Novice: 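Can you keep this structure in mind? I'll have questions shortly.
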Amino acid sequence: MSRASSHALKHPPVTAPSDNPAGAPTPFPELAVAIERERRRGRGAQSNASGRYEAEARVAFDDGWQSLEDLPPFSTSVALDTSRKVISRNDSPDIGFDRSINPYRGCEHGCVYCFARPTHAYLGLSPGLDFESKLFAKPDAPALLEKELAAPDYEARMIAIGTNTDPYQPIERERKIMRGILEVLERAGHPVGIVTKSALVTRDIDILARMAKRNLAKVALSVTTLDPKLARSMEPRASTPPKRLEAIKRLADAGIPATVMVAPVIPALNDSEIERILDAAVHAGAREASYVLLRLPLEVRDLFREWLMANYPDRYRHVFTLIRDMRGGRDYDSQWGTRMKGTGPMAWMIGRRFEIACEKLGLNKRRTKLTTDHFAKPKRSGQQLSLF
C-alpha cells in the first residue's frame, strides 16, 4: 500500500478525451486506481477511494510481487447501527415530506449514480465500493419508531422511506426490518410513502393493501431504463426493469397507489427512453409519475465519470457537456428549486417531453393524498390507559 496526499488521490483532475494529445499520459488518472474487475464483479463503482474526511488516502498498487492477485473480492458485510432515533427530519423546499426513515446505511444495489453515496464518508468509509459492500442495519428501527410515535409532542405527517438508501435492498429479505416498520405504522394508522427499485416490495402487499384501503400507503418504483444491459451495468444488484414493472402491476392490482419514477434522467444515456418507460408503467397500472435529473454531488461526480469512461467512453464528452448545460456550466448545482430539474434549454426540453407524455397517457390526473385521520399514538410501556 502507498500513501499520498488525500486531495490528489480523492479528487484527481479529469479532462475531456479530446484534450489528450497523442502519446500523452491518460487524462483519467482515476482509472489507474480502479479496482480489478474480478474483485468488484457485480458492483457498480469502479474504485474505492477514501472518504473526503480522511486525513490520508490509501491506494493498492502492484509493487512487482503480484500481491494484488491475493486480495479477495469485495463481499457484503453488515454491521449494526445503534442510532437512538430512527426518524430523520428535513426542511428542504424541494421535496414533499419533512420526515423519513432509512432502515439501512449503504445500499447493495450499487447504483453508480446514487446521490446517497457521499453519506458513507461520515462513517470513515468510501462512497465507492464500501458504500455497496459495507452496510449498516438498524434492527431496533421498529421499536424506536413506536417510541417516537408515542411521544406526547409527536404530530403525524407522512413518513417517506427509501429516499436515501433502498429499504428493500437484498439484505431486507432476511432482516425484515422494513416489514417490522410497516407493522408499527399500520397499528398506529400512520401514513407512509415508499420509494424503491426492488420487486421485494411485493412481499409486503398484505400490509400495504390494508393500509391503502385506509388511504395510508403509496409506493413509487424507480425505473431508470428498459435496456437490460444498461440496467445491469448501472444498477447491478437492483431488480431488472421487467421485475419492477411487474411489481407495479401487482401493487396496482392489490389496490395500492403505484407511481413510476423516471430517475435519474441522464442526458445522452437514458433520456431517450422517457416516453417508453412511462408507457410501459401505465400499462402495468401506474397512475402517477415523476422524474429527477441526474445529480452528481461530491464523490458521486468522480464515481460516475469512472463508470462512464469504463462503459461508454465514446459518450463521455457529450454526456458531461449536456450535464453542464443543465447545471449552469458546472457538474452539479445544489441550489434549491433547480437541483432536481436543472436549468437551460435541455432541461426545459426534458421537462416538456415528460409533461406531454404524462398528458397523453393520462398520468397525474389525480394525486394520491394520504391521510392522518387514523393516527393513534402507540401506548408507551407502563402508560396508564385513559378512562375517556
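Small disclaimer: the values here were computed from a predicted structure and weren't measured. For the single chain, residues carry numbers from 1 onward in sequence order.
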Novice: Can I get a per-line list of side-chain donor-acceptor pairs under 3.5 Å for residues 262-271, giving both atom names and the distance, sequence neighbours left out?
Specialist:
residue : atom : partner : partner atom : Å
Asn270  : OD1  : Ile266  : N            : 2.5
Asn270  : ND2  : Thr224  : O            : 2.8
Asn270  : ND2  : Pro264  : O            : 3.0
Asp271  : OD1  : Ala268  : N            : 2.8

Novice: Roughly how far apart are Ser100 OG and Ile161 CD1, rounded to 0.5 Å?
Specialist: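 Answer for the OG-CD1 pair, Ser100 versus Ile161, is 9.0 Å.
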Novice: State plainly whether one hydrophobic cluster holds both Leu370 and Met211, where clusters connect Ile, Leu, Val, Met, Phe, Trp and Tyr through side-chain heavy atoms under 4.5 angstrom apart.
Specialist: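 No; Met211 is not reachable from Leu370 via cluster members.
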Novice: With a 4.5 Å heavy-atom cut-off, do Asn215 and Asp373 have their side chains touching?
Specialist: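 Contact flag for Asn215/Asp373 side chains = no.
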Novice: Using a side-chain heavy atom cutoff under 4.5 Å and only I, L, V, M, F, W and Y, what cluster partners does Leu123 have?
Specialist: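 Members alongside Leu123: Leu125, Phe136.
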Novice: Do Val195 and Leu216 land in one hydrophobic cluster if side-chain heavy atoms of ILVMFWY residues count as linked below 4.5 Å?
Specialist: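 No; tracing contacts between hydrophobic side chains, which count when under 4.5 Å, never links both residues.
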Novice: Got a salt bridge between Asp253 and Lys249, using NZ or NE/NH1/NH2 to carboxylate O under 4.0 Å?
Specialist: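 Yes, Asp253 and Lys249 are salt-bridged.
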Novice: Going by salt bridge (charged side-chain N to carboxylate O under 4.0 Å, His left out), name the pairs with one or both residues in residues 138-150, residues two or more places apart or in two chains.
Specialist: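 Qualifying pairs: Glu146-Arg187.
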Novice: Can you check whether Asp227's main-chain N or O pairs, donor with acceptor, with Thr225's side chain at less than 3.5 Å?
Specialist: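 It does hold such a pair.
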Novice: Charged N to carboxylate O below 4.0 Å: is that the case for Arg244 and Glu235?
Specialist: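 Glu235 and Arg244: salt-bridged.
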Novice: For the pair Glu132 and Arg117, find out whether any cationic side-chain nitrogen is under 4.0 Å from an anionic carboxylate oxygen.
Specialist: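 Yes, charged N to carboxylate O under 4.0 Å.
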Novice: How about Met178 and Val201: do any of their side-chain heavy atoms sit closer than 4.5 Å?
Specialist: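 SC-SC contact between Met178 and Val201 ruled out.
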Novice: Measuring only between side-chain heavy atoms, which start at C-beta, is Leu221 closer than 4.5 Å to Val260?
Specialist: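 No, every pair of side-chain atoms sits at 4.5 Å or beyond.
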Novice: Is Ile207 close to Arg179 at the side-chain level, that is, under 4.5 Å between some pair of heavy atoms?
Specialist: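 The answer is yes, as the side chains (C-beta and beyond) meet within the 4.5 Å cut-off.
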Novice: Between Arg353 (side chain only) and Glu275 (backbone N and O only), is there a donor and an acceptor less than 3.5 Å apart?
Specialist: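 No, Arg353 side chain to Glu275 backbone: no donor-acceptor pair under 3.5 Å.
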Novice: Run the salt bridge (Lys or Arg N to Asp or Glu O under 4.0 Å) test on Arg339 and Asp94 for me, step by step, so that the C-alpha distance in whole Å, both residues' side-chain angles and the decisive distance to 0.1 Å come before the verdict.
Specialist: CA-CA 8 Å; Arg339 60 179 180 153; Asp94 285 334; 2.6 Å; yes
Novice: Should we count NZ of Lys377 as having more than 12 external heavy atoms under 6.0 Å?
Specialist: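 Yes - once you tally the heavy atoms of other residues, nucleotides and ligands closer than 6.0 Å, there are more than 12.
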Novice: Charged N to carboxylate O below 4.0 Å: is that the case for Arg203 and Glu172?
Specialist: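 Looking at Arg203 and Glu172, the cut-off is met.
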Novice: Identify each donor-acceptor pair in which a side-chain atom of residues 151-160 lies under 3.5 Å from a protein atom, sequence neighbours left out, and give them as a table.
Specialist:
residue : atom : partner : partner atom : Å
Tyr154  : OH   : Arg99   : NH1          : 3.1
Tyr154  : OH   : His190  : NE2          : 2.6
Arg157  : NH1  : Asp98   : OD2          : 3.4

Novice: Compare all side-chain heavy atoms of Leu303 with those of Ser47 and state whether any distance is below 4.5 angstrom.
Specialist: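 With C-beta onward as the side chain, the pair touches.
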Novice: How close do Val184 and Pro142 get, heavy atom to heavy atom, and via which atoms?
Specialist: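 Answer, listing the atom of Val184 first, then Pro142: CG2-O, 3.6 Å.
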Novice: May I ask you to decide if His109's main-chain N or O and Gln169's side chain share a donor-acceptor pair within less than 3.5 Å?
Specialist: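 It does not hold such a pair.
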Novice: Do Ser239 and Glu246 come close enough that some side-chain heavy atom pair is under 4.5 Å?
Specialist: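 They are not in side-chain contact.
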Novice: Checking the side chain of His120 only, and the main-chain atoms of Lys134 only, is there a donor and an acceptor separated by less than 3.5 Å?
Specialist: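 At least one qualifying donor-acceptor pair exists.
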Novice: I would like to know whether Arg41 and Glu38 meet salt bridge (Lys or Arg N to Asp or Glu O under 4.0 Å); could you show each step before the answer?
Specialist: CA-CA 5 Å; Arg41 180 178 293 277; Glu38 287 303 312; 2.3 Å; yes
Novice: On a heavy-atom basis, which atom in Leu226 and which in Glu273 lie closest, and how many Å separate them?
Specialist: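 Leu226 and Glu273 have their closest heavy atoms at N-OE1, 2.7 Å.
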Novice: Taking the side chain as C-beta and beyond, is there a heavy-atom pair between Thr163 and Phe97 under 4.5 Å?
Specialist: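 With C-beta onward as the side chain, the pair touches.
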Novice: Of the non-hydrogen atoms in Trp307 and Leu230, which two are nearest, and what is the gap between them?
Specialist: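 Where Trp307 meets Leu230 most closely, the heavy atoms are CH2-CD1, 4.0 Å.
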Novice: Under 4.5 Å side-chain heavy-atom separation, chaining through any Ile, Leu, Val, Met, Phe, Trp or Tyr, what else clusters with Phe115? Say none if it is isolated.
Specialist: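 Its cluster mates, by chain and number: none.
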Novice: Identify each donor-acceptor pair in which a side-chain atom of residues 276-292 lies under 3.5 Å from a protein atom, sequence neighbours left out, and give them as a table.
Specialist:
residue : atom : partner : partner atom : Å
His283  : ND1  : Asp279  : O            : 2.8
Glu288  : OE2  : Thr368  : N            : 2.7
Glu288  : OE2  : Thr368  : OG1          : 2.8

Novice: Give a yes or no on whether the backbone of Lys197 and the side-chain of Ser222 come within a donor-acceptor separation of less than 3.5 Å.
Specialist: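 Side chain of Ser222 to backbone of Lys197: no pair is present.
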Novice: Do Tyr104 and Asp166 have a side chain donor and acceptor closer than 3.5 Å?
Specialist: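 No, Asp166 and Tyr104 have no side-chain donor paired with an acceptor closer than 3.5 Å.
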Novice: Give a yes or no on whether the ring-centroid distance for Tyr316 and Phe320 is below 6.0 angstrom.
Specialist: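 Ring-ring flag for Tyr316/Phe320: true, centres closer than 6.0 Å.
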Novice: Taking 4.0 angstrom as the limit, do Arg105 and Asp81 come out as a salt bridge?
Specialist: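 Salt bridge present between Arg105 and Asp81.
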Novice: Quick check for you: to the nearest 0.5 Å, what is the distance between Arg295 atom CZ and Tyr113 atom OH?
Specialist: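 The OH atom of Tyr113 is 13.0 Å from CZ of Arg295, to the nearest 0.5 Å.
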Novice: Should Val223 and Met261 count as side-chain neighbours, where that means a heavy-atom distance under 4.5 Å?
Specialist: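 A side-chain contact under 4.5 Å is absent here.
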Novice: Taking all atoms of both residues into account, what is the closest heavy-atom pair of Pro378 and Ala188, and its distance?
Specialist: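 Where Pro378 meets Ala188 most closely, the heavy atoms are CG-CB, 4.3 Å.
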Novice: Using atom types as modelled and distance alone, determine if a side-chain donor or acceptor of Arg37 lies under 3.5 Å from a backbone N or O of Gln46.
Specialist: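 No; judged by distance alone, with no hydrogens or angles, the pair does not exist.
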Novice: So, Asp333 side chain and Gln335 main chain: donor-acceptor pair closer than 3.5 Å or not?
Specialist: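 Yes, the answer is positive, given that a donor and an acceptor are paired below the 3.5 Å cut-off.
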